[in-house]
Peer 1: 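Below is one structure. I have some questions about it.
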Number of protein chains: 2
Amino acid sequence: MPYKHHPGRVTINDLADALGLAKGTVSRALNEYPDIAERTRLRVKRAAQEMGYSPLSHAQAIKTGRVRSLGLVLQIDQRLGHRPFLTRFLDGISRAASAQGWTLTLATALSEGEALETIERLAHERKADGFILPRTKVDDPRVALLRNLNLPCVLYGRTSDDEGCFWFDMLGEDAMFDAVSRLAGMGHSRIGYVGSDQVFNYAHLRHDGYRRGLESAGLSYDAALVRHGAMTGEEGAACLQDILSDPEPPTAVVFCTDAPAIGAYRTCAELGLEIGRDISLIGYDGLPEGSYAHPSLTTFSVDSRMAGERLADLLIRRIRGADPKDLRETAKAKLVTGGSDGPPAKTSTELARAVRAKHNTWEEVV
Amino acid sequence: MPYKHHPGRVTINDLADALGLAKGTVSRALNEYPDIAERTRLRVKRAAQEMGYSPLSHAQAIKTGRVRSLGLVLQIDQRLGHRPFLTRFLDGISRAASAQGWTLTLATALSEGEALETIERLAHERKADGFILPRTKVDDPRVALLRNLNLPCVLYGRTSDDEGCFWFDMLGEDAMFDAVSRLAGMGHSRIGYVGSDQVFNYAHLRHDGYRRGLESAGLSYDAALVRHGAMTGEEGAACLQDILSDPEPPTAVVFCTDAPAIGAYRTCAELGLEIGRDISLIGYDGLPEGSYAHPSLTTFSVDSRMAGERLADLLIRRIRGADPKDLRETAKAKLVTGGSDGPPAKTSTELARAVRAKHNTWEEVV
DNA sequence: GGCCTTGCCGAAACCGGTTTCGGTCCGCAC
DNA sequence: GTGCGGACCGAAACCGGTTTCGGCAAGGCC
């Protein structure tokens, strides 16, 4: 037999009967309607507490249209593999949501198209009252879709078309600025940059932060020291390799994210460069792998749990009617100093020579 | 203003009006009631398709008591940190659920007590029709709770009290058996074992598999070569260190999970033992870290996505009324051979000498 | 031809809430 | 004493579905 439902649940009718009130009155009392006497309201609330009554969100939804649930569609990216943030991110959302009696409805998708379909399906079936959109793109089709569906969404990150949008975001651009300043302060004058895929909005912001950092330190921007589109360790390794083949290579490189930075360790090993002396590396994210690495990676740690909490809180406030303009928050990533950066032990010229020497050795071998 | 709801949604009333039928008739037609003429049923279904009608699960739930949602409460374990499986596991559940029009309601908890509270809250508010319980313990309080609440749950793993329970599980015990057989076949005669925390049911099953493997190979069980309770890399390193200090140390060690096995690499490095020759290691899980390690870890790979799919499918079938006895499935983990095991290059005696020599060196240093 | 099934559908109750509408009672001013 | 407005609550409609019940018409049987 199918499972039978609702063992001994107390309904609003039970509560009304026990109090000798009409159920409409009970409902209004619980929902803070102004036309209920103060002492009646208190009486109702106390009775609800004692009898263990709480309304069924889906029963309320039939009239109110709100199910008290937040939607999150994760796009599973084969290329990026596992994400250590995920657990903490989900934890943050879940905590903030349940603190207010809300829940999290989660779905996954393998492609952007599938993600859009999934959002649409969840919206159509009204499984969520709004959506959290991680990994926002410069021009994000999810924002357009939800605007069309007239459903609120909060962005983890910013996007180009702000209209009616709100967000929580880490100030990655400030971190990049600080990273450059830090390296310049150590004596580096040629500082490279390895950026992420530019479909993502943060890639542009962080690149700008890097530029502003150079300006502020009185250094000039040299496109030869800059690469874009590195998301994985392999790509990070390749980018560093490429940058270091410049006749005047950088003595320090700032990475837009940690994964490529960690991958770049391999390049350094192959070239026989001592990280933190011959070449300085700074990442961004605070991946655990970075702290396990030797030397540990200097990076900017992002508190994903906090991000999840803030996002859930903002979205709930929006659904309840807050003005989007009041719902924009940012936070700064925290610098975690490791052993991967330090004053340059080699000049750019010496570094170039070392790299060339290694290359020649290889050619001999081959 | 709060978001207004339901832009232009088509309801069952719209559908009934368009068809010139009573809404009750439409409902029964869509739900395969036998008292509806075949051609009427088809007419209704086609119209529903054309008009883009699909029922709101929360509107149905008010009468049926089912919200078409699966509950999953993740216990965030600080000690275990991130889990690379999680993404795939969630993906599996989400896929199988949405294929049938169901959704996943996710929550997190920091302790077992909090997990129980969360399950109870979700059950009370009827946010889920049943629960998926990962990481089952020998005596799992969640099972007892849900039995009490009269809500179905499917276990990822088995448990001691089977009554009315159903599950999906990997046959970890077979993997342990195979690991021992494999090592014995390579010529190892002293094979150690590092097990997990025994509150988890799988720890006992796998330990049994290890024992049976020894028996089948004609080797005797020696408690001196066995440790329990290792969950992290550090604990794995410590356990191996400990086992190798035996006067007759094992030339091969089977690990209940990958994390301790990977951690044990450090111990081997410290002792100057070449993995795959001086000492053979076999893990279980198929963590990506294992394949990145040098040498790559021989392990048994678990398909977490498939596990999620099977669990979701089983739970939905149970909620729909299937007999729990028909809902018990298992699968075998797939052996992934790496470089961490091979024929013993040293006898147990030689190994003991090497370890002792290293220890003496240390003492001199200290 | 009358009666009894059977097939099929409409009508209405129901689920557990929310919201609107209107009515009663009270105090107060004139 | 009457009129009036505000405070407070009951009654009923409503939301979008499901399920029960009853009735009509057609068909089979004697």
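Residue numbers start from 1 in every chain, and the chains themselves are labelled A, B, ... in the order their sequence lines are given, proteins ahead of strands.
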Peer 1: Listed by chain and number, what are the salt bridge (Lys or Arg N to Asp or Glu O under 4.0 Å) partners of R328(B), not counting sequence neighbours?
Peer 2: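 Not a single residue meets the salt bridge (Lys or Arg N to Asp or Glu O under 4.0 Å) criterion with R328(B).
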
Peer 1: Take atom CD1 of I12(A) and atom C1' of dG10(D), then tell me their distance rounded to the nearest Å.
Peer 2: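 Spelled out: CD1 on I12(A) to C1' on dG10(D) is 14 Å.
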
Peer 1: Thinking salt bridges, do R305(B) and D303(B) make one under a 4.0 Å N-O criterion?
Peer 2: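 Salt bridge absent between R305(B) and D303(B).
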
Peer 1: When we call it a touch if two heavy atoms are under 4.0 Å apart, what does S27(A) touch: a base, just sugar-phosphate, or nothing?
Peer 2: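 Base: the residue S27(A), judged by heavy atoms under 4.0 Å, touches a nucleobase.
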
Peer 1: Got a list of side-chain donor-acceptor pairs under 3.5 Å for residues 306-317 of chain B, not counting sequence neighbours?
Peer 2:
residue, atom, partner, partner atom, Å
R310(B), NE, E329(B), OE1, 2.8
R310(B), NH1, D313(B), OD2, 3.4
R310(B), NH2, D313(B), OD2, 3.4
R310(B), NH2, E329(B), OE1, 3.3
R310(B), NH2, E329(B), OE2, 2.6
D313(B), OD1, Q100(B), NE2, 3.0
D313(B), OD2, R317(B), NH1, 3.3

Peer 1: Take the C1' atoms of the five end pairs on each side of the helix from dG1(C)-dC30(D) to dC30(C)-dG1(D), derive the two axes, and give their angle rounded to 10 degrees.
Peer 2: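 Angle reported: 60°, given to the nearest ten degrees.
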
Peer 1: Taking the nucleotide of DNA chain D with the nearest heavy atom to each, does V26(B) or A59(A) sit closer to the 5' end?
Peer 2: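 Its nearest nucleotide lies further toward 5', so the answer is A59(A).
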
Peer 1: Got a sec, which pairs hit salt bridge (charged side-chain N to carboxylate O under 4.0 Å, His left out) with one end in residues 51-62 of chain B, sequence neighbours left out?
Peer 2: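 Residue pairs with at least one partner in residues 51-62 of chain B: there are none.
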
Peer 1: How long is the line joining CZ of R126(A) and C1' of dG17(D), in whole Å?
Peer 2: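 Atom-to-atom, R126(A) to dG17(D), this comes out as 16 Å.
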
Peer 1: Rounded off to whole Å, could you give me the CD-to-C1' distance for the E32(A) and dT19(C) pair?
Peer 2: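 Spelled out: CD on E32(A) to C1' on dT19(C) is 16 Å.
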
Peer 1: Decide if atom CD of Q49(A) counts as having more than 12 heavy atoms of other residues, nucleotides or ligands within a radius under 6.0 Å.
Peer 2: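 No, because the 6.0 Å sphere around CD of Q49(A) holds 12 heavy atoms or fewer from other groups.
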
Peer 1: Round to the nearest Å and state the distance from H58(B) atom NE2 to dG16(C) atom P.
Peer 2: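 Between P of dG16(C) and NE2 of H58(B): 16 Å.
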
Peer 1: Sequence neighbours left out, what pairs pass ring-ring contact (aromatic ring centres under 6.0 Å, His included) with at least one residue falling in residues 22-50 of chain B?
Peer 2: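 Every candidate ring-ring contact (aromatic ring centres under 6.0 Å, His included) pair involving residues 22-50 of chain B fails, so no pair, neighbours aside, qualifies.
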
Peer 1: Is the phosphate of dT18(C), meaning OP1 or OP2, less than 4.0 Å from a side-chain N or O of N31(A)?
Peer 2: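 Affirmative; the distance criterion is met.
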
Peer 1: Between the protein and nucleotides 4-9 of chain D, which nitrogen or oxygen pairs are less than 3.5 angstrom apart?
Peer 2:
residue, atom, partner, partner atom, Å
dC9(D), OP1, T40(A), OG1, 2.5
dC9(D), OP2, A37(A), N, 2.9
dC9(D), OP2, T40(A), OG1, 3.2
dC9(D), N4, D35(A), OD2, 3.0

Peer 1: Counting only side-chain heavy atoms from C-beta out, which of dT20(C), dC15(C), dG16(D) sits nearest to T11(B)?
Peer 2: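 Out of dT20(C), dC15(C), dG16(D), the nucleotide with an atom closest to T11(B)'s side chain is dG16(D).
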
Peer 1: Kindly list each side-chain donor-acceptor pair under 3.5 angstrom involving residues 116-125 of chain B, sequence neighbours excluded, with atom names and distances?
Peer 2:
residue, atom, partner, partner atom, Å
T118(B), OG1, E114(B), O, 2.8
H124(B), ND1, S54(A), OG, 3.2

Peer 1: Please check the phosphate of dG16(C) (OP1 and OP2 only) for any side-chain N or O of Y53(A) closer than 4.0 Å.
Peer 2: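 Indeed not, no polar side-chain atom of Y53(A) lies that close.
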
Peer 1: Ignoring hydrogens and geometry beyond distance, is the side chain of K63(B) in donor-acceptor contact with the base of dG16(C) at under 3.5 Å?
Peer 2: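 Under the 3.5 Å cut-off, the side chain and the base do not form any donor-acceptor pair.
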
Peer 1: Take atom NZ of K23(B) and atom P of dC14(D), then tell me their distance rounded to the nearest Å.
Peer 2: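 One finds 12 Å between P of dC14(D) and NZ of K23(B), rounded.
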
Peer 1: Per the salt bridge (charged side-chain N to carboxylate O under 4.0 Å, His left out) rule, what does the pair list look like for residues 22-35 of chain B, sequence neighbours excluded?
Peer 2: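 As it turns out, the salt bridge (charged side-chain N to carboxylate O under 4.0 Å, His left out) pairs with a partner in residues 22-35 of chain B, which skip direct neighbours, are R28(B)-D35(B), E32(B)-R41(B), E32(B)-K45(B).
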
Peer 1: Within this structure, what is the CG-to-P distance between D14(B) and dC15(D), rounded to whole angstrom?
Peer 2: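 Taking atom P of dC15(D) as the reference, CG of D14(B) is at 11 Å.
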
Peer 1: Quick one: H124(A) NE2 to dG16(D) C1', roughly how many Å, whole number?
Peer 2: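 Result: 13 Å.
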
Peer 1: Would you mind reading off the distance between N13(A) atom CG and dG17(C) atom C1', rounded to a whole angstrom?
Peer 2: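 One finds 9 Å between C1' of dG17(C) and CG of N13(A), rounded.
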
Peer 1: Return the set of residues passing ring pair (Phe, Tyr, Trp, His ring centres under 6.0 Å) with Y156(A) (not counting sequence neighbours), or none when no residue passes.
Peer 2: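 Testing Y156(A) for ring pair (Phe, Tyr, Trp, His ring centres under 6.0 Å), a comparison that skips the adjacent residues, returns F89(A).
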
